[in-house]
Amino acid sequence: MTTTFSPKIVTDTWIEASWGDFIEATANLDYQKGKCYYYKGRLRIEMSPVVNDHASDHSIINSAINLYAGLTGINLNGYDN
């Protein structure tokens with residue numbers, strides 16, 4: 001079942017909405033990767049900030065730290081999620 005919710009929901013903030021609006025929003029493919037909350041007539045959809053740009057920035061930072069540690073002889077043990 002594909003439902004289109006109109007108007008487009010502003011994410012990462014609480015907005016006034018009915019329970020029906022909440023159900024429609026959670027069925028919308030644009031928001032299925034987000035976390036949806038409904039509390040006392042208000043709706044919130046939090047979208048993950050992890051996208052390609054974030055991953056690319058993260059990779060550059062990891063590479064720079066590893067290079068620095070390698071060149072200066074610092075023992076390094078890193079973890080990534």
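Side chain of Arg44 to main chain of Tyr37: no donor-acceptor pair is present (N/O by atom type, distance under 3.5 Å, no hydrogens or angles). Using a distance-only test at 3.5 Å, with no hydrogens or angles considered, no donor-acceptor pair links the side chain of Tyr68 to the main chain of Ile74.
By the side chain to side chain contact (heavy atoms under 4.5 Å, CB included) test, Ser18 is found to be paired with Asp21, residues two or more places apart in sequence or in another chain being considered.
Between the CD1 atom in Ile23 and the CG atom in Asn28 there is a gap of 13.0 Å [rounded to 0.5 Å]. Rounded to the nearest 0.5 angstrom, Ile45 CD1 and Thr13 OG1 are separated by 11.5 Å.
Between Leu43 and Phe22, the shortest heavy-atom contact is CD1-CD1, 3.3 Å. Between Tyr31 and Cys36, the shortest heavy-atom distance links the atoms O-SG, 4.3 Å.
Residue Ile61 is grouped with residue Leu76 when hydrophobic side chains (ILVMFWY) are merged at heavy-atom distances under 4.5 angstrom, including chains of intermediate members.
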